[in-house]
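To start, the structure under review is shown below, and the notes come after it.
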Amino acid sequence: MTGYRQILAMPGMASLLGVSFLARTAITAVVMALTMYVVLGLNMSYAAAGGVAAALTTGLALGGPLLGRMIDRRGLRTVLLVTVAVQFVCWLSVPILPYKALLGAAFAAGLLMVPTQSVTRQAIAAMTTAGQRRAAFALESVQGELSYMVGPAVVILCAAKVSPGVVVWGLGAAIVAGGTGVALLNPPLRAEDEADAGTAGRPPRREWLGIDMIAVLAMAFGTTTLLSGVDLAIVATLEEAGQVSWAAVVVAVLGVTSVVGGLIYGALSRSLPMWLLLGLLGLVTIPAGLAHDWPWLCVAVVGTGLFTAPTLSAVADAVSRLTPAGVRGEATGLQSSAQSAGFALGSPIVGVAIDASVPAGGFAAAGLAGLAAALTGCLLSRRRPSPRPAHSGSWRVGEKNRGDSRAVIGQTPPAGARGPDGLGSSGNADSSREAGRESPPGRYAGHQVQEFVSPPRVGP
């Protein structure tokens with residue numbers, strides 16, 4: 001745990017994780033809050049609530065790259081102030097809007113959601129060295145699991161005491177407070193040796209959105225598709241057993257084991273290939289369908305939980321390595337969009353499998369989706385990219401040849417060299433930082449359940 005203490009001791013890191021946790025906890029609960037407001041406050045159907053959730057999720061998927069590109073061009077504080085203002089107006093107006101206007105407000109809130117998660121990932125990449133980054137992203141993924149466990153539960157408890165409209169206001173206030181706090185902290189999104197990345201110009205997408213990045217995005221999509229489907233399979237299994245009230249306990253076990261898995265993975269001395277982590281996640285998920293009551297299901301999801309946070313942290317780590325500093329915001333936005341798409345599509349895909357077979361088929365479908373994404377990522381990452389012509393310019397200070405984007409620690413690896421996760425280091429804006437200094441002693445939208453027992457995650 002020494003590595004974690006060193007990371008939290010970095011100036012600004014603990015405060016950033018604390019403030020962003022507030023915003024992320026609120027964001028994970030927005031679908032649950034809107035569902036309860038539509039069903040209990042407007043007295044409408046769950047289908048209507050699903051429409052609002054779909055509008056929000058669509059906005060989130062489209063807004064990730066847009067906001068990331070704006071951060072790259074306009075800076076962090078400008079984007080945070082704009083998104084905070086939009087969130088304030090949207091959530092303040094929700095209780096007075098008719099349903100059709102609520103659909104538009106939900107889309108706008110998703111499109112211009114405070115990019116807390118993306119900003120946290122960019123700041124981690126800028127504030128840590130390559131040797132510290134895996135542990136730092138493990139902490140970030142653990143933060144995400146904790147926010148998922150806390151946010152929806154708090155909303156449900158509050159809804160039992162006050163009206164759904166007041167809960168919505170409180171949720172909006174938490175998002176605004178978290179976004180304002182991050183703006184006041186104004187964490188660095190580029191390391192000291194990346195300070196001139198913006199003045200050097202944005203590299204074209206073809207230079208960083210290559211085969212390796214596409215492989216990472218495919219695996220990000222597959223990971224959240226699996227996780228979204230697992231939640232639905234848990235509810236379906238327990239509903240068939242007449243034990244649906246225990247779904248919250250099973251989901252809690254899944255979350256706790258994910259936290260444990262993330263902490264263990266971050267403390268390891270070396271990384272594992274991302275495709276291997278995702279493949280193992282898919283493999284251990286399939287047998288969970290053999291459990292038919294809640295105690296055994298709690299045991300069956302332990303394996304899924306242990307590999308969840310490590311896989312998510314490996315995705316974030318790979319994105320930070322494969323992108324130059326000048327486009328890191330857009331890249332993390334694409335990551336968020338891929339994960340949001342997986343969350344949105346996972347439940348319908350698994351739902352079809354359950355309807356066509358039995359609840360155990362849901363776990364099989366989710367696990368196979370993860371395996372398919374892992375295989376796709378593995379095959380794509382092992383394809384050797386065609387050489388690019390060298391040209392003037394630089395992504396980073398001190399990097400003399402941008403044409404060879406595999407330069408690390410002052411030397412050019414041989415053709416086809418791979419990083420620790422099996423991916424090439426194309427566009428690696430981070431590892432070249434190690435040449436100049438020593439390292440110090442570093443979920444569910446689109447699925448609604450009538451019993452509020454398995455809250456949908458929003459965002460990765």
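Keep in mind that what you see is a predicted model, and the values were worked out from it rather than measured. What you see below is based on every heavy atom in this structure, not just the backbone, and it leaves out hydrogens, waters and symmetry mates.
Taking 4.5 Å as the limit, some side-chain heavy atom of Pro188 sits within range of a side-chain heavy atom of Met127. Looking at heavy atoms from C-beta onward, Leu312 lies in side-chain contact with Glu145 at the 4.5 angstrom threshold. Between Val30 and Trp91 there is a side-chain heavy-atom pair separated by less than 4.5 Å. Taking the side chain as every heavy atom from C-beta outward, Ser320 and Arg121 never approach each other to under 4.5 Å. Contact of the Arg328 side chain with the Leu189 side chain is not registered, since no non-hydrogen atoms from C-beta on lie closer than 4.5 Å. Looking only at side-chain heavy atoms (C-beta outward), Arg69 and Val327 stay at 4.5 Å or farther from each other. Considering only heavy atoms from C-beta on, Ser347 stays 4.5 Å or farther from Asp231 through its side chain. Considering only heavy atoms from C-beta on, Leu8 comes within 4.5 Å of Leu17 through its side chain.
Within the model, atoms CG of Leu56 and CD1 of Ile27 stand 10.0 Å from one another, a figure rounded to the nearest 0.5 Å. Between atom OG1 of residue Thr180 and atom CZ of residue Phe88 there is a gap of 10.0 Å, rounded to the nearest 0.5 Å. Taken to the nearest 0.5 Å, the CZ atom of Arg74 stands 13.5 Å off from the CG atom of Leu67. To the nearest 0.5 angstrom, Leu185 atom CG is 6.5 Å from Leu16 atom CG. Annotation: the span from Phe343 atom CZ to Thr223 atom OG1 amounts to 9.0 Å, rounded to 0.5 Å. Thr323 contributes atom OG1, which lies 10.5 Å from atom CG of Leu209 (distance to the nearest 0.5 angstrom).
Shown here for Tyr265 and Leu272, the closest heavy-atom pair between the two residues is OH-N, 3.4 Å. The heavy-atom pair separating Val176 from Val84 by the smallest distance is CG1-CG1, 3.7 Å. Smallest separation of non-hydrogen atoms from Ala29 and Pro152: CB-N, 3.8 Å. The nearest pair of heavy atoms linking Pro348 to Leu345 is CD-O, 3.2 Å. The two residues Trp208 and Leu334 make their nearest non-hydrogen contact at CH2-CD1, 3.8 Å. When all heavy atoms are compared, the tightest approach of Leu226 to Gly282 is CD1-CA, 3.7 Å.
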Given salt bridge (charged side-chain N to carboxylate O under 4.0 Å, His left out), test Arg133 with Glu140 step by step and report yes or no.
CA-CA 10 Å; Arg133 202 156 296 130; Glu140 186 268 339; over 6 Å; no

Go through the steps for Leu62 and Leu66 under the test side chain to side chain contact (heavy atoms under 4.5 Å, CB included), then give the verdict.
CA-CA 7 Å; Leu62 295 176; Leu66 172 65; over 6 Å; no

Check step by step if side chain to side chain contact (heavy atoms under 4.5 Å, CB included) holds for Phe21 and Thr116.
CA-CA 9 Å; Phe21 177 72; Thr116 309; over 6 Å; no

Could you go step by step and tell me if Gln87 and Thr83 meet the side chain to side chain donor-acceptor pair (under 3.5 Å) rule?
CA-CA 6 Å; Gln87 296 303 309; Thr83 55; over 6 Å; no

Could you walk me through whether Val216 and Gln335 pass the side chain to side chain contact (heavy atoms under 4.5 Å, CB included) test, one step at a time?
CA-CA 8 Å; Val216 171; Gln335 175 193 347; over 6 Å; no

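A donor-acceptor pair under 3.5 Å is absent between the side-chain atoms of Thr78 and the main chain of Gly75, judged by distance alone. Tyr37 contributes a side-chain N or O that, together with a main-chain N or O of Pro95, makes up a donor-acceptor pair within less than 3.5 Å. Between the side chain of Tyr4 and the backbone N or O of Leu263, at least one donor-acceptor pair lies under 3.5 Å. Formation of a donor-acceptor pair under 3.5 Å by the Arg134 side chain with backbone atoms of Ser313 is not found in this model. Side chain of Ser340 to backbone of Ser336: a donor-acceptor contact under 3.5 angstrom is found. Looking at Thr225, its side chain never comes within 3.5 Å of a backbone N or O of Gly346 through a donor-acceptor pair.
Under 3.5 Å, the side chains of Ser20 and Gln143 contain a donor-acceptor pair of N or O atoms. Checking Thr28 against Ser147 by side-chain atom types alone, no donor-acceptor pair falls below 3.5 Å.
Here Glu330 does not pair with Arg73 in a salt bridge; the nearest charged N to carboxylate O distance is not below 4.0 Å.
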Show every donor-acceptor pair shorter than 3.5 Å between a side-chain atom in residues 153-168 and any protein atom, with sequence neighbours excluded, or say none if there are none.
unit_1: Ser163; atom_1: OG; unit_2: Val166; atom_2: N; d: 3.4

In residues 250-257, what donor-acceptor pairs under 3.5 Å come from side-chain atoms, sequence neighbours left out?
unit_1: Thr257; atom_1: OG1; unit_2: Val253; atom_2: O; d: 2.8
unit_1: Thr257; atom_1: OG1; unit_2: Leu254; atom_2: O; d: 3.0

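Remark: of the listed residues Thr332, Leu76, Leu80, Leu80 is the sole one forming a side chain to side chain contact (heavy atoms under 4.5 Å, CB included) with Pro115.
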